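This one's a predicted model, so the numbers in the text were calculated from it and none came from an experiment. Computed from heavy atoms alone, side chains included, the values below leave out hydrogens, waters and symmetry copies.
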Amino acid sequence: MKRRHFAALAAATLAAPAGFAQERTTRILVGFPPGGSADVIARLLAEKLRVSLNQNVIVDNKPGAAGRLVLGELKRAAPDGQTLVLSPSGAMVIAPWLYSTLPYDPIKDFTPVSRIVTFDFAVTAGPGAPQGDLRSVLAWMKANPAKASYGTSGAGTVPHFAGLLLSQVAGVAITHVAYRGGAPAAQDLIGGQIPLMVDTASETIEHHKAGKVRILAVTGEQRNRALPDVPTLKELGINTSADAFFGLYAPAGTPADAVNRIDRAVAEALKDPVIQEKIYGFGLVPNHASAADLAATQLAHLKRWEGPIKASGYKAE
């Protein structure tokens, strides 16, 4: 997406039409900078929820610690349905296995509201990497260990560990470089500061189409609808995969009627063909699920990542 599209979307999100209940404002917190996939999805939702909830809805970006800091803020918010977080799954299912202390308990401190999207990740090469397919790039990294690195939207994220699994399965040591979001990581990829990036396809898909970078593989079990010509890791003989989700959460103790009201509005928004096509265009999949299903998905991913994280030997700083 071009910057002017983000700016227009942000302006539309922040300006409520006349006649709306200005005294009530719902905040959707996002723990990453503007321009990344979480921010874009939050703004698409906010634009629709303003109408369906008949009140102002704003997106409040509070980047830091790969989305963990903003969850601490949500924990402290009033459980009235007016403060929400759109969180990528990493902060909920990866961080608990990495950090002995977190500013939140991923199960006890939050009320699941809606699953928004599911997605895999794109492995993208920039001008700092040689031409060729992913196998060629990995061979170059093995021969040039000082240049072998990959960027992600932050330490302790699912892309971080998707890249670590790629490194381990491919038998190539690749240094992880953590950024404060996918957008700044993509800028360094384009600038040649890092040769490889692992993150949501939305972070690099427009640059890929423009020829500035090359998406070499996706991490899902199947090819990404937005990138039909890009193979999966398994198609390339690299036997690993990874996927994730974005979930909408409220503070623990939020009344069920408030949760249900928001969830119904989210479900309706995700039925909009325009919204669906925009989400698909980012390389994501609109995949609504209600509170109970989001909670079950979160638990399943928690269990799924426990073994790989412990086996990796990675220690959080």
Tabulate below the donor-acceptor pairs under 3.5 Å that side-chain atoms of residues 130-137 make, not counting sequence neighbours, or state none.
residue: Asp133; atom: OD1; partner: Arg135; partner atom: N; Å: 3.3
residue: Asp133; atom: OD1; partner: Ser136; partner atom: N; Å: 2.9
residue: Asp133; atom: OD1; partner: Ser136; partner atom: OG; Å: 3.0
residue: Arg135; atom: NE; partner: Leu236; partner atom: O; Å: 3.2
residue: Arg135; atom: NH2; partner: Leu236; partner atom: O; Å: 3.4
residue: Arg135; atom: NH2; partner: Gly237; partner atom: O; Å: 3.2

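- Considering Asp293, Leu294, Val266 in turn, Leu294 is the only one that fulfils the side-chain contact (heavy atoms from CB on, under 4.5 Å) rule with Arg115.
- Distance check: Leu138 CG to Ile238 CD1 gives 5.5 Å after rounding to the nearest 0.5 Å.
- One distance of note links OG1 of Thr25 with CG of Leu53; it measures 11.5 Å at 0.5 Å rounding.
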| message | Apply side-chain contact (heavy atoms from CB on, under 4.5 Å) to residues Gln55 and Thr26 and explain how you reach the verdict. | response | CA-CA 8 Å; Gln55 65 184 67; Thr26 294; 2.6 Å; yes

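- Contact of the Pro63 side chain with the Arg180 side chain is registered, since non-hydrogen atoms from C-beta on lie closer than 4.5 Å.
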| message | Could you walk me through whether Glu235 and Arg223 satisfy the salt bridge (Lys or Arg N to Asp or Glu O under 4.0 Å) test, starting with their C-alpha distance in whole Å, then the side-chain angles of each, then the deciding distance to 0.1 Å, before giving a yes or no? | response | CA-CA 9 Å; Glu235 286 181 279; Arg223 293 194 179 196; 3.0 Å; yes

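- Taking both residues in full, the closest heavy atoms of Ala185 and Ile194 are given as O-CD1, 3.8 Å, listed atom of the first, atom of the second, then distance.
- To the nearest 0.5 angstrom, Leu189 atom CG is 9.5 Å from Ser149 atom OG.
- Of the inter-residue distances, the one linking Ser290 atom OG with Arg264 atom CZ reads 11.5 Å to the nearest 0.5 angstrom.
- With sequence neighbours excluded, the residues forming a ring pair (Phe, Tyr, Trp, His ring centres under 6.0 Å) with Phe110 are Tyr104, listed by chain and number.
- Taking the side chain as every heavy atom from C-beta outward, Thr157 and Pro88 never approach each other to under 4.5 Å.
- Using the six-membered ring where Trp is involved, Phe246 and Phe119 have ring planes that are tilted, between 30° and 60° apart.
- The OH atom of Tyr280 sits 15.0 Å away from the OG atom of Ser202 when rounded to the nearest 0.5 Å.
- A salt bridge links Asp243 with Arg304: the distance from a Lys NZ or Arg NE/NH1/NH2 to an Asp or Glu carboxylate oxygen falls below 4.0 Å.
- You'll find the side chain of Asn239 reaches within 4.5 Å of the side chain of Lys234, heavy atoms only.
- Defined by atom type and a distance below 3.5 Å, a donor-acceptor pair is missing between the side-chain atoms of Gln168 and Ser312.
- A salt bridge does not link Arg261 with Asp257: none of the charged nitrogens is closer than 4.0 Å to a carboxylate oxygen.
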| Can Val117 and Asn287 be said to form a side-chain contact (heavy atoms from CB on, under 4.5 Å), step by step? | CA-CA 5 Å; Val117 299; Asn287 195 352; 5.6 Å; no

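- Between Ile174 and Ser167, the closest heavy-atom pair is N-OG, 3.4 Å.
- Taking Asp109 as the reference, Lys75 meet the salt bridge (Lys or Arg N to Asp or Glu O under 4.0 Å) condition, with sequence neighbours excluded.
- With values rounded to the nearest 0.5 angstrom, Lys147 atom NZ is found 11.0 Å from Met141 atom CE.
- Results of the side-chain contact (heavy atoms from CB on, under 4.5 Å) test with Asp60 over Leu84, Leu29, Val85, Ile28 single out Leu29 as the only residue that passes.
- Dense packing is recorded around CD of Gln193, with more than 12 heavy atoms of other residues, nucleotides or ligands lying under 6.0 Å away.
- Applying the salt bridge (Lys or Arg N to Asp or Glu O under 4.0 Å) rule to pairs touching residues 305-314 yields Glu306-Lys310, sequence neighbours excluded.
- The shortest side-chain heavy-atom distance between Leu284 and Ile41 falls under the 4.5 Å cut-off.
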| said: Under the criterion side-chain contact (heavy atoms from CB on, under 4.5 Å), I'd like the reasoning laid out for Ile275 against Glu47: C-alpha separation, chi angles, the key distance, then a yes or no. | reply: CA-CA 10 Å; Ile275 298 292; Glu47 190 175 17; 5.5 Å; no

| Would Val70 and Val30 count as a side-chain contact (heavy atoms from CB on, under 4.5 Å) if you check the C-alpha gap in whole Å, the side-chain angles of each, and the deciding distance to 0.1 Å? | CA-CA 7 Å; Val70 78; Val30 174; over 6 Å; no

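- Side-chain contact annotation: His288 with Asp263, donor-acceptor N/O pair under 3.5 Å present.
- The ring-ring contact (aromatic ring centres under 6.0 Å, His included) pairs that include a residue from residues 162-188 are Tyr150-His176, His160-His176, where partners are two or more places apart or lie in different chains.
- Side-chain contact check for Gln298 versus Val93: some heavy-atom pair is nearer than 4.5 Å.
- Between Leu302 and Ile107, the closest side-chain pair of non-hydrogen atoms falls below 4.5 Å.
- Looking at heavy atoms from C-beta onward, Met197 lies out of side-chain contact with His207 at the 4.5 angstrom threshold.
- For Ser37, the side-chain hydrogen bond (donor to acceptor under 3.5 Å, both in side chains) partners are Thr200, Glu203, not counting sequence neighbours.
- A ring pair (Phe, Tyr, Trp, His ring centres under 6.0 Å) with Phe161 holds for exactly one of Trp97, Phe121, Tyr314; it is Tyr314.
- Side-chain atoms of Leu71 and Ser87, non-hydrogen and from C-beta on, do get closer than 4.5 Å to each other.
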